[in-house]
**Student:** 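Submitted below is the structure of interest, expressed as structure tokens.
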Amino acid sequence: MPHALTILKDVFGYHAFRGRQAEIIDHVAAGGDCLVLMPTGGGKSLCYQIPALLRQQAGHGTGIVVSPLIALMQDQVAALTEAGVRAAVLNSTLSGADAASVERDLLAGRLDILYVAPERLMTPRFQDLLGRARIGLFAIDEAHCVSQWGHDFRPEYIQLSVLHERFPHVPRIALTATADAVTRDEIVERLALDEARIFVSSFDRPNIRYRIVEKDNARQQLLAFIKAEHMGANGTHDSGIVYCLSRRKVEETASWLSGHGINALPYHAGMDAAVRQQHQARFRQEEGIVMVATIAFGMGIDKPDVRFVAHLDLPKSMEGYYQETGRAGRDGLPANAWMAYGLGDVVQQKRMIDESDADEAHKRVSSAKLDALLGLCETAGCRRVRILAYFDEPSEPCGNCDTCLEPPATWDGTREAQMALSCVYRTAQASRVHFGASHLIDVLRGNASEKVRQWGHDKVSTFGIGADRSISEWHAIFRQLIAHGLLVIDHGGHGALLLGDSARAVLKGEAQITLRRQASKPARSGDRAARGNRPDHTANMDADALANWEALRRWRTQAAREHGVPAYVIFHDATLAELARSGADSLDDLAEVPGIGAAKLERYGEEILETLRGA
């Protein structure tokens, strides 16, 4: 694909395609439809941006990109404009005059790529506008939003099949980083992509280290994690995202982290819109911001240097976990996905499913998705193998997750499982009521609390039989029994536990249960699994290269401020590091550095050379 390679080099500054990019670009540029499943950071955007440029040059018209988030559109358009592409956006942030100007440019063929929200795309006025314009292709980004079984359903996406009906000869490319087999099938059906080719890249993100720890004062654990792995020698810290389930927890966690020296900002849908927008802008444009957020903040984040994503609460599904953790390390450099998880998280998520307004079929699917995530949390095997298996991708142990770096000990937990299951049965038999884990643990440990005596459970045969194990050990056991399906959480029972279908075989001694041994203490910062997974751009730099690196960072900050864009839109850190080491002293030398295309070379080349000479 000589022409596509020319665009890749001249516009985007890269010398070779990755994975199946070339194959996808060739197919779409030739007029074919396709569905692309590619992990975050895998280069999805180029799969529609380059075909859009090719088809515009061939006279077919403008590429229309359907995107669900304003911030994503703005970042993409800023980056494309910096690269010399005629790109624009139509969304609610534009004034009437600015929107009219963009529409005139579209009709006149002066745009290579136009980003638009699905809500605007489906209006009769915009459909009429498209009918009068020349359209080269439709790209539907974040296509998993079409699936009602997915973690981020958007009703507007269902209507996008109209594109095939109204513009049958315009190629369509749907893209997502997250879709299991059921979601893929629904994307194909709802977007009428039955004849489309499906390109599935590996879902693996080898640069991300996955770690899940038992929750024990989660905020303190989070702070210790950030300080051990993401603090620099000068007291600065990496950019990161911390996800919490509730708005209140977001506010409290951000305030607590700020009080402990972390530059943290809250973000959730209940905040004042102007403040929320300001926080998002600071996260995009500044370095070293930790955003504490609900999942309202997330999809479409284009910031490449997010070094960690942390969860203080359990996500709803494996797709949600994969999508959220995938916002770390988009630049391909080392990053961390860290989560603190406990029994209360399981109870809370199960309750949210049970109390939702969804029908029973949807609740069953939601429960199955949550169970898959619980299996990831409790596995004694490689986390990455478990994640990839969920997306039907076979793999080998990765050597870069907590269970690979420090394999957890396992033990025969059949006896303790029988105790716990028997306690569930005996207390319910005695009271005709089911109870939660805390009460059952009191009974097992022989703690004659007021509630235990009130229900007469100090008289049941299981009272005190588990006194040799601590409260935290029993919590770990109950958590794993739920993950194994031996116990289920009662519908509407405030966390009450019932025997699962497979409990009988264990109680009768017909099946054995192997459990993970509870970690005796958190990993120390010097331990192999706890050592930083943080890129060091200055590694192996000599004194001259270090001076170049610092000078280039100062120059980039100033250039970004003058252009009103995030620093990474000017150049990624990896490009700056290459520049610092390159010893470039001419424009021809700069043209060989990955990430410097023709437009950026013309715009910034002399400034870069001047900066390097003065470093």
Side-chain angles (χ1 to χ4, degrees), residues 67-78 89 91-95 115 117-120 142 145 151-156 218-219 222-223 226 230 237-303 305-316 320-321 323-328 330 338-340 345 348-349 352 355-357 564-568:
S67 180
L69 287 183
I70 289 174
L72 174 61
M73 297 188 223
Q74 291 171 333
D75 276 2
Q76 295 269 10
V77 169
V89 61
N91 60 36
S92 58
T93 66
L94 270 63
S95 67
Y115 285 77
E119 298 88 346
R120 180 180 291 254
E142 309 292 353
C145 292
H151 62 283
D152 207 354
F153 173 58
R154 305 289 178 98
E156 309 82 30
R219 284 180 190 161
L222 172 65
L223 182 63
I226 295 173
H230 294 283
H237 57 76
D238 293 328
S239 295
I241 304 172
V242 178
Y243 283 111
C244 302
L245 197 58
S246 71
R247 297 173 180 181
R248 177 179 175 181
K249 191 168 181 177
V250 163
E251 298 274 1
E252 292 174 348
T253 301
S255 176
W256 188 87
L257 286 174
S258 296
H260 287 78
I262 304 299
N263 192 4
L265 297 173
Y267 185 103
H268 60 74
M271 293 172 59
D272 176 77
V275 174
R276 190 173 68 241
Q277 195 68 29
Q278 180 189 34
H279 287 188
Q280 178 166 290
R282 285 191 60 191
F283 180 77
R284 290 169 59 225
Q285 295 173 3
E286 298 178 23
E287 299 184 50
I289 299 284
V290 173
M291 187 70 88
V292 185
T294 60
I295 59 171
F297 179 79
M299 185 174 60
I301 291 174
D302 217 23
K303 188 176 174 69
D305 59 349
V306 175
R307 296 270 64 89
F308 69 90
V309 169
H311 285 88
L312 291 187
D313 293 303
L314 190 70
K316 296 178 180 179
Y321 175 75
Q323 183 89 355
E324 289 153 24
T325 57
R327 288 154 194 157
R330 288 175 57 95
W338 181 94
M339 179 163 67
D345 293 304
Q348 185 178 33
Q349 286 289 1
M352 289 172 65
E355 294 177 355
S356 74
D357 294 330
V565 297
Y568 58 81

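Computed over heavy atoms, backbone and side chain alike; hydrogens, waters and symmetry mates excluded. As the structure is a prediction and not an experimental result, all values here were calculated from the model.
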**Student:** Walk me through whether F308 and V290 qualify under side-chain contact (heavy atoms from CB on, under 4.5 Å).
**Tutor:** CA-CA 9 Å; F308 69 90; V290 173; 3.8 Å; yes
**Student:** Taking the side chain from Q349 and the backbone from L314, do they hold a donor-acceptor pair closer than 3.5 Å?
**Tutor:** yes
**Student:** For P566 and D75, which heavy atoms make the closest approach, and how far apart are they?
**Tutor:**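 Heavy atoms only, the tightest pair is CG-OD1, 4.1 Å.
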**Student:** Looking at H311 and D313, would you say the former's side chain and the latter's main chain have a donor-acceptor pair under 3.5 Å?
**Tutor:**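 Here the side-chain-to-backbone pair does not exist.
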**Student:** Between S255 and E251 (side chain of the first, backbone of the second, donor and acceptor by atom type, cut-off under 3.5 Å), is there such a pair?
**Tutor:**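 Not confirmed, S255 side chain does not pair with E251 backbone.
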**Student:** Does any N or O in the side chain of S258 come within less than 3.5 Å of the main-chain N or O of A264, such that one atom is a donor and the other an acceptor?
**Tutor:**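 A pair under 3.5 Å: yes.
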**Student:** Any donor-acceptor pair under 3.5 Å linking the side chain of R276 with the backbone of M271?
**Tutor:** yes
**Student:** Counting the benzene-type ring for Trp, do H279 and Y267 have ring centres under 6.0 Å apart?
**Tutor:**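 No, the ring of H279 stays outside the 6.0 Å limit from the ring of Y267, centre to centre.
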**Student:** May I ask you to say whether R248 pairs ionically with E252, meaning some side-chain N is under 4.0 Å from a carboxylate O?
**Tutor:** yes
**Student:** Does a side chain donor of either N91 or Y115 reach within less than 3.5 Å of an acceptor in the other side chain?
**Tutor:**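 N91 vs Y115: no donor-acceptor pair found between side chains.
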**Student:** Please confirm whether K303 makes a cation-pi placement over F283, using NZ or CZ under 6.0 Å from the six-membered ring centre and within 45° of the ring normal.
**Tutor:** yes
**Student:** Go through the steps to decide whether R330 and V306 satisfy the test side-chain contact (heavy atoms from CB on, under 4.5 Å), and finish with yes or no.
**Tutor:** CA-CA 7 Å; R330 288 175 57 95; V306 175; over 6 Å; no
**Student:** List the atom of A218, the atom of A340, and the distance in Å for their closest heavy-atom pair.
**Tutor:**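 Scanning both residues completely, I find the closest heavy atoms to be CB-CB, 4.1 Å.
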**Student:** If I compare all heavy atoms of V292 with all of V250, which pair ends up nearest, and what's the gap?
**Tutor:** O-CG1, 3.2 Å
**Student:** Quick check: closest heavy atoms across P68 and P118, and the distance to 0.1 Å?
**Tutor:** CA-CD, 4.1 Å
**Student:** Indicate the atoms forming the closest heavy-atom contact of L312 with K249, along with that distance.
**Tutor:** O-NZ, 3.4 Å
**Student:** Are any non-hydrogen side-chain atoms of E324 and R327 less than 4.5 angstrom apart?
**Tutor:** yes
**Student:** Could you go through the side-chain contact (heavy atoms from CB on, under 4.5 Å) check for I262 and W256 one step at a time?
**Tutor:** CA-CA 9 Å; I262 304 299; W256 188 87; over 6 Å; no
**Student:** Can you confirm whether S239 sits close enough to R307 that some side-chain heavy atom of one is under 4.5 Å from a side-chain heavy atom of the other?
**Tutor:** no
**Student:** For a quick test of reading the model, state the closest non-hydrogen atom pair linking N263 to G288 and the distance between them.
**Tutor:** CB-O, 3.6 Å
